[in-house]
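If you're wondering where the values come from, they're calculated on a predicted model, not measured in any experiment. Keep in mind that the numbers below use all heavy atoms, side chains included, and drop hydrogens, waters and symmetry copies.
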2 protein chains.
Amino acid sequence: MVDIARLAGVSTSTVSRALSGSSLVNDETKKRVAELARSLNYTINIGAQNLRLSQNRTIAVVIPYDAANRQHVSDPFFLSMLGSLADAITDCGYDMLISRVDADRLDEAAQIYEGGRAIGIILIGQWQHHDQLNDLAVRRVPIVVWGAQLPQQYYCTVGSNNVEGGKLATEHLVSHGRSRIVFFGDRQLPEVSHRYAGYMQILENHHIPLREELYVSSAFTVESGKQALHQLLKSKIPFDAVFACSDLLAMTVISGLRTEGIHVPHDVAVVGYDDIELSQHFHPPLTTVKQSIDVAGRTLVEALVELMAGKAPSPLLLPTSLIVRSTSA
Amino acid sequence: MVDIARLAGVSTSTVSRALSGSSLVNDETKKRVAELARSLNYTINIGAQNLRLSQNRTIAVVIPYDAANRQHVSDPFFLSMLGSLADAITDCGYDMLISRVDADRLDEAAQIYEGGRAIGIILIGQWQHHDQLNDLAVRRVPIVVWGAQLPQQYYCTVGSNNVEGGKLATEHLVSHGRSRIVFFGDRQLPEVSHRYAGYMQILENHHIPLREELYVSSAFTVESGKQALHQLLKSKIPFDAVFACSDLLAMTVISGLRTEGIHVPHDVAVVGYDDIELSQHFHPPLTTVKQSIDVAGRTLVEALVELMAGKAPSPLLLPTSLIVRSTSA
DNA sequence: TGCAATATTGCAATCGATTGCACAAACGTG
DNA sequence: CACGTTTGTGCAATCGATTGCAATATTGCA
């Protein structure tokens, strides 16, 4: 900017005003400055500008990760969410910073905000970090979390209606005559526990006994799903349906059953969760509970914008819907 | 920082030095400052620090998008790459900024660098932007592109060996007795054109005539794949294999063929490209050419780091490998 | 021509950090 | 006790922008 000022024979004040289109500057001077800036490939230094104006257009997307497992980012639903957020954040004119934070030190996320790195945070992966997230909210960090609404919650969540989703899937399976429905997922996680609650309620409505042995604990990874299925089959517990907590798990289950000669949906019906793009191209096309990822991304950003504007957006539950395809006929 | 200085009864200079662990500061003072900083939840303002030190630990990942189509980020290979980059960039201690840039104005990407927003750029999506990318390189923007190496190229690319990939797939199909192999993709794109070159060469090696009608142009979207397949089937051109330029396209093709009662691999063998995670869970499990996404992410970052260190890394070709599963027996 | 009103421009302080240099206190030595 | 060292701190300039206020140039009008 100093260079431009010198070449244009004016002060940096004038250059600054000219580039920001201030009406205080002569049109001719403005034009001269603009041309010089273009010819020098000059770009305003955003860091300095942000410092001076103490503004910022960056939203941070934080992904907690387990330092012990060194797990990588690969879950398709998760990645789709990232894509959706990239779209939504860009459309609102913000920049998007992706940050992986040690799950045991989520307060580091606060530093992203307090250090002026970003003006707000979207966190994907509520897991069991409820207390840490509450701490962040108490510190007045503008943060919106993708996940389930819990009691005693001071931070804002956006999530799909997991209870409803659990009900939809279970009701569908029951209405197709299934009664020994395996629940496949980790109910220690808030979102999954809500789905389990929906599952239980439908069973109760239909006077179907809830069997603890039909709860199969599995993390969201393919490896974990394979193992859990293996355990289940080995235990010889009879079942005629599986409600899996993600499409990826559902696909894993279907593949596993197929190698055992168990036919889907004839012998065992399967319903997944998420409706990722590949579910419809899977064979057989997957019956699943849809969470609209596009809507999710947009809603997260909207909630954050509200929060940053000083409002207190209430936790949001997005509707889910059952997509019936061929794994549950 | 001023507050801390006042409370600790020292100057900001001392606070700055204390926090940065300078040996010039008395240990006792250091401790006092550190405790105050902790109790006040103080975090250093990174923007100001960057400005003063003219440093920066941010790498921008740029995704060109077509303003006309408003297409969203959803391709699974692409999303996996994003995840892989997030891992690699974080592991190297950098921050990751995601930026979608109008494909016709890629020079805007230069502003991210020149404006001090990031110290280097990784661009995913070479498409047909060769000239614009060359312009960026000429402007000395540290940029590494995921894509194919082209003649007259001044920017650094990292990509898989597409010619080899094309050969692997075609050779495999030919060796299984297929001779009317449809090539499914858009050969106007550099990477695809290299795969096509490999395809052609293997055909020639085996004295199989190259038939223009077996080239089916399709973009990387499901929609486009469906349409292209529809055209192909309508034209009644006989074929006994398909080499699709992505796993997503391969799955689309297999689904489409199945609804027409054409059996894979008995009637038509199919080979995909990418080896995304879901390919192995697809039914039938997909034979495909693997590009290792983990390696890709790490390599892109390494190349960029070299480039930023002032070296001139040569374009890199990552090896591809054929993963034989059940769609090509 | 003289003076007020208006249009442009520059000076200098500021955002929050870092750091070279000067200075003061404490210490060691002859 | 005087003087050179070592140690610890503070002052003030700096990074690249913005902006209130003062200063100057231009114009309009009596």
Quiz item: When the distance from CG of A:N56 to C1' of D:dT18 is rounded to whole Å, what number comes out?
Solution: 16 Å
Quiz item: When the distance from CZ of B:R117 to C1' of D:dA17 is rounded to whole Å, what number comes out?
Solution: 15 Å
Quiz item: Within the structure, does a side-chain N or O atom of B:Q49 lie under 4.0 Å from either OP1 or OP2 of C:dT18?
Solution: yes
Quiz item: Please give, in whole Å, the distance from D:dA17 P to B:L51 CG?
Solution: 9 Å
Quiz prompt | Whole angstrom value for the distance that separates P of C:dT8 from CZ of A:R32 | solution = 13 Å
Practice problem: Would you indicate whether B:Q55, at its atom CD, is surrounded by more than 12 heavy atoms from other residues, nucleotides or ligands within a distance under 6.0 Å? | Solution: yes
Quiz item: Toward the 5' end of DNA chain D, which comes first, B:A48 or B:T29, by nearest nucleotide?
Solution: B:T29
Quiz item: Of all of residues 1-28 of chain A, which get a heavy atom below 4.0 angstrom from DNA chain D, listed by number?
Solution: A:M1, A:S13, A:S16, A:R17
Practice problem: Nearest whole angstrom, please: distance from the C1' of D:dT18 to the CD1 of A:I46. | Solution: 15 Å
Quiz item: Which is true for B:I44 with a 4.0 Å heavy-atom rule: it touches a base, it touches only sugar-phosphate, or it touches nothing?
Solution: sugar-phosphate
Quiz item: Are any side-chain N or O atoms of A:R100 and backbone N or O atoms of B:A86, one a donor and one an acceptor, separated by less than 3.5 Å?
Solution: no
Exercise. Rounded off to whole Å, could you give me the CG-to-C1' distance for the A:L53 and C:dA13 pair?
Key: 15 Å
Exercise. For A:S16 and A:T12, indicate whether the former's side chain and the latter's backbone hold a donor-acceptor pair under 3.5 Å.
Key: no
Self-check item: Interatomic distance, A:K30 NZ vs C:dA7 P [rounded to whole Å]
Solution: 13 Å
Practice problem: May I ask you to verify if any side-chain N or O of B:Y42 is less than 4.0 angstrom from the OP1 or OP2 atom of C:dG16? | Solution: no
Practice problem: Check the pair A:R298 / A:D87 against salt bridge (charged side-chain N to carboxylate O under 4.0 Å, His left out), numbers first and verdict last. | Solution: CA-CA 8 Å; A:R298 276 204 306 276; A:D87 288 331; over 6 Å; no
Quiz prompt | Nucleotide C:dG20, atom C1' - distance to CZ of B:R52 in whole Å | solution = 10 Å
Quiz item: Taking B:N41 as the fixed residue, which of A:Q111, A:R139, A:E114 is the one that meets the side chain to side chain donor-acceptor pair (under 3.5 Å) rule?
Solution: A:R139
Quiz item: What distance do A:L304 atom CG and A:M308 atom CE have between them, rounded to the nearest 0.5 Å?
Solution: 4.0 Å
Exercise. For the pair A:D95 (side chain) and B:L97 (backbone), establish whether a donor and an acceptor sit closer than 3.5 Å, ignoring hydrogens and angles.
Key: no
